[in-house]
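Here is the structure we will look at.
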Amino acid sequence: MSKVRIYTLAKDLGVENQKLLEILDSLGVAYKSVSSTLDEDTVESIKGILVSEGGTTPAQAEAAPAEAVVTEAVSTEAAPAPAVKAGPAKPQARQATPKDDVTPPAPAAPVPTPAAQPVATQPAATTPAASAPSAVAVAEVPVVQAPARELPHRSPVVTIMGHVDHGKTSLLDYIRKTKVAAKEAGGITQHVGAFEAMTSKGRIVFIDTPGHEAFTTIRARGANVADIAIIVVAADDSIMPQTREAIAHAQAAKVPLIVAINKIDLPQADVDRVKTDLTMVNLVPEDFGGDTVVVPVSAKTGEGVEDLLEYISLTAELEDLRADPQGEFSGVVIESKVDRQSGVLATVMVQQGTVHVGDFLVVGETYGKIKAMTDTLGGRIKSAGPSTPVQILGFSEAPVSGDKVASASNEHTARDKVAVRVDTRRTVEEARAQRKLSLEEMMGSLVEIREVNLILRADTQGSVEAIQGILAKRQSEEVKLNVMLAGIGAPTEGDVLLASTAEATILCFSVTASAPVKKVAEQQGVDLKSYRIIYELIDEVERLIKGNIEPVFEEQYLGRAEVRMLIKHPKSGTIAGSYVTDGSFKRNAKAKVTRGKAVVYEGTIVGLKRFKDDVREVKTGFECGINLDWNDVLEGDIIEASEMVEVVQA
């Protein structure tokens, strides 16, 4: 018999993966995950334990529980009190007599199953003349509370993370059988997208996050909302900067991590290289003896996608993801935007409870009543349970991405919750304002700081946050980027008037100004620029910064020459006949004449001659005539040439 994986054995024996892992722990067998393999002896030991626990063979494992429940029901009608002891549903209980059931239950006896518990408790409640031993058994039942695992299972929320252009959205497209990547500007995901997908392994909710460096906060948000993180690595590109960042976010969120090596269909794909590089970021693949699940896939051909879904399903089963649809509602804002027709739209991931149309929701310092809800396909729905992303219409202001969403019984309660949050924020701000001022704040900065005023407009709240984050990294001690206004939606005439007053530049991302607004901007002389790709916006910001930084120059050495003879010229004066010993000499370069150890002259080279011709440059090993516009040069003097060059500032 060849080795078999744990999850395959669990499926063959008809038991849960968690049960099989508990048996392996009791046997002292080491394993990394459910995809680890077991030898023949271990498999036989597991089968023996299952037979001894259930009293049946593994092939009869499915029939035994049903038979035990039926037998318990029959024995309950005959003897109500002893039936409570038959809760563990062991096969031996079918032949037990009432006399045998008088013995107290063992402390390690298993908890009655939910199906058998109502049958056991009903006779004790309806029969007054219960015997003393049965009273002891009944007294133990209320102590046993319903464990958390009795809640219904919910669908896993999986986030897709990785470097830009490594095929995250293409992989999601193959799973959902749609084409989202083609709709993204530049083919690059620039927003958070939450989508439901009915796969061969059941319903799975996917969160697609951008890979560009500007969207750090969005990737962190996706990792915090998700149950499982899929790190996509291109087989032809291996580990890249945003891959490392995505891994760090997933590890910080403490979510299970699966690595999908994409683009294995390319000729230059090197899966082994990617696995080796993964070890450099402390992710050791199972092939190398580690515990990181690595799945080679191709989003183009679909190769390996079923294996990836299998691992997602297994990981979700081990995580035992459950939520109470009847509990109090809670969720988190994934994305928000302002639609010209509908108004404020917020994408919310339901985490607990159920949300209905007409409910009042509180998020941040605002609240709203749900007017309409749509699912990921755009269809209208009236309610949504756990692990369901919904787009909600009803907020008066765009909520901040990542904020928690809570429910309120009515509008009065919602207002009270908002008022408490506002008071808390003001208290914190006042405490911060009372800090001690630094010397620079009291005396003023000694260096003149230039300000670049900006007005930002984007299509979603997440994009606004990302752009503000990238601007904070770009500003320096000499140039301060002042974001006067950052909002969602197309720019307005008010934005143009503000920019005209403050000499600001309006930068738009994924939104376009209307024709009247553009006309007003032209009349006011305001720069209004729109971008669809984040790269171009960042380049524009860097150009604005460089245009406001004073250029810095430094002196750069050019060459050295030795004066060997003097030539008197009626118009030019004394010309130093020299031999260039190092570097080169250029016309209009700065010159320094050294005589012995003393510098006797500093000026400019006003002319260079080779024989009778004027030249611009003379290099090492050539003779030339150097006109310094200074007549006191002597033979034996050393002339050094230099020029001022602008220093490129980071």
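One is the number of the first residue; the rest follow in order along the sequence.
Across V511 and G489, no two heavy atoms sit closer than the pair CG2-O, 3.8 Å. Nearest approach of V255 to A229, heavy atoms of both residues: CG2-CB, 3.8 Å. In plain terms, the two heavy atoms of G385 and T354 that are nearest each other are CA-OG1, 4.2 Å. Between A458 and V464 the shortest heavy-atom distance is CB-CG2, 3.6 Å. Smallest separation of non-hydrogen atoms from I533 and F509: C-CE1, 3.9 Å.
Just one of V348, L361, I381 meets the side chain to side chain contact (heavy atoms under 4.5 Å, CB included) condition when paired with V355; it is L361. Just one residue in the list T460, D339, I392 forms a side chain to side chain contact (heavy atoms under 4.5 Å, CB included) with L345, and that residue is D339.
For the salt bridge (Lys or Arg N to Asp or Glu O under 4.0 Å) condition, no pair includes a residue of residues 247-270, sequence neighbours left out. Sequence neighbours left out, not one pair with a member in residues 370-394 passes salt bridge (Lys or Arg N to Asp or Glu O under 4.0 Å). Among residue pairs with one or both ends in residues 351-368, those qualifying as salt bridge (Lys or Arg N to Asp or Glu O under 4.0 Å) are E365-R425; sequence neighbours excluded.
When atom types are taken as modelled, the side chain of T8 and the backbone of V4 share no donor-acceptor pair closer than 3.5 angstrom. Distance alone, capped at 3.5 Å, is enough to place a donor-acceptor pair between the S45 side chain and the D41 backbone. In this structure a side-chain-to-backbone donor-acceptor pair under 3.5 Å is missing from R322 to P152. Between the side chain of N262 and the backbone N or O of A234, no donor-acceptor pair lies under 3.5 Å. Checked by atom type and distance alone, the side chain of K417 pairs as donor or acceptor with a backbone atom of S407 at under 3.5 Å. A side-chain donor-acceptor contact under 3.5 Å links T424 to the backbone of V420. When atom types are taken as modelled, the side chain of S336 and the backbone of P399 share a donor-acceptor pair closer than 3.5 angstrom. Side chain of Q352 to main chain of D324: a donor-acceptor pair is present (N/O by atom type, distance under 3.5 Å, no hydrogens or angles). Looking only at distances, no side-chain donor or acceptor of S155 sits under 3.5 Å from a matching main-chain atom of I204. Side-chain N or O atoms of S383 include none that pairs as donor or acceptor with a backbone N or O of H356 at under 3.5 Å.
Side-chain contact between F206 and I312 is present, with at least one heavy-atom pair separated by less than 4.5 Å. Looking only at side-chain heavy atoms (C-beta outward), L24 and L38 come within less than 4.5 Å of each other. In this structure the side chain of M161 never reaches within 4.5 angstrom of the side chain of V232, judged on heavy atoms. Within the 4.5 Å cutoff, no side-chain heavy atoms of V259 are placed close to those of V293. Between I264 and T301 the shortest side-chain heavy-atom distance does not fall below 4.5 Å. The side-chain heavy atoms of Q391 and K337, taken from C-beta on, include a pair separated by under 4.5 Å. In this structure, the side chains of L21 and L318 come closer than 4.5 Å at one or more pairs of heavy atoms. You'll find the side chain of V294 stays beyond 4.5 Å of the side chain of E286, heavy atoms only.
Not a single side chain to side chain donor-acceptor pair (under 3.5 Å) links Y311 to another residue, sequence neighbours left out. With sequence neighbours excluded, no residue satisfies salt bridge (charged side-chain N to carboxylate O under 4.0 Å, His left out) with E317. Remark: D236 pairs with no residue by the side chain to side chain donor-acceptor pair (under 3.5 Å) rule, at least two apart or across chains. T42 pairs by the side chain to side chain donor-acceptor pair (under 3.5 Å) definition with D39, not counting sequence neighbours. Residues passing the salt bridge (charged side-chain N to carboxylate O under 4.0 Å, His left out) test with K19 are E53, sequence neighbours excluded. For E310, the side chain to side chain donor-acceptor pair (under 3.5 Å) partners at least two apart in sequence or on another chain are K201. Under the salt bridge (charged side-chain N to carboxylate O under 4.0 Å, His left out) criterion, K275 pairs with D287, not counting sequence neighbours. Considering only residues two or more places apart in sequence or on other chains, R421 meets the salt bridge (charged side-chain N to carboxylate O under 4.0 Å, His left out) condition with none of them.
Remark: E328 CD is loosely packed, at most 12 non-hydrogen atoms of other residues, nucleotides or ligands lying under 6.0 Å away.
Taking NZ of K404 as the start and OG of S330 as the end, the distance is 7.0 Å to the nearest 0.5 Å. One finds the CG atom of D12 at 8.0 Å from the NZ atom of K47 (value rounded to the nearest 0.5 Å). Within the model, atoms CG of L456 and OG of S463 stand 11.0 Å from one another, a figure rounded to the nearest 0.5 Å. The distance from atom CD1 of I228 to atom OG of S313, rounded to the nearest 0.5 Å, is 8.5 Å. Rounding to the nearest 0.5 Å gives a distance of 9.5 Å between CG of L171 and OG of S298. Within the model, atoms CD of Q242 and CG of D165 stand 12.0 Å from one another, a figure rounded to the nearest 0.5 Å.
Side-chain atoms of D237 and H163 include no donor-acceptor pair closer than 3.5 Å.
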Donor-acceptor pairs are to be reported for all side-chain atoms of residues 277-285 against protein atoms at under 3.5 Å, with residues two or more places apart or in another chain.
{"residue": "D277", "atom": "OD2", "partner": "S238", "partner atom": "OG", "Å": "2.4"}
{"residue": "T279", "atom": "OG1", "partner": "T276", "partner atom": "O", "Å": "2.3"}

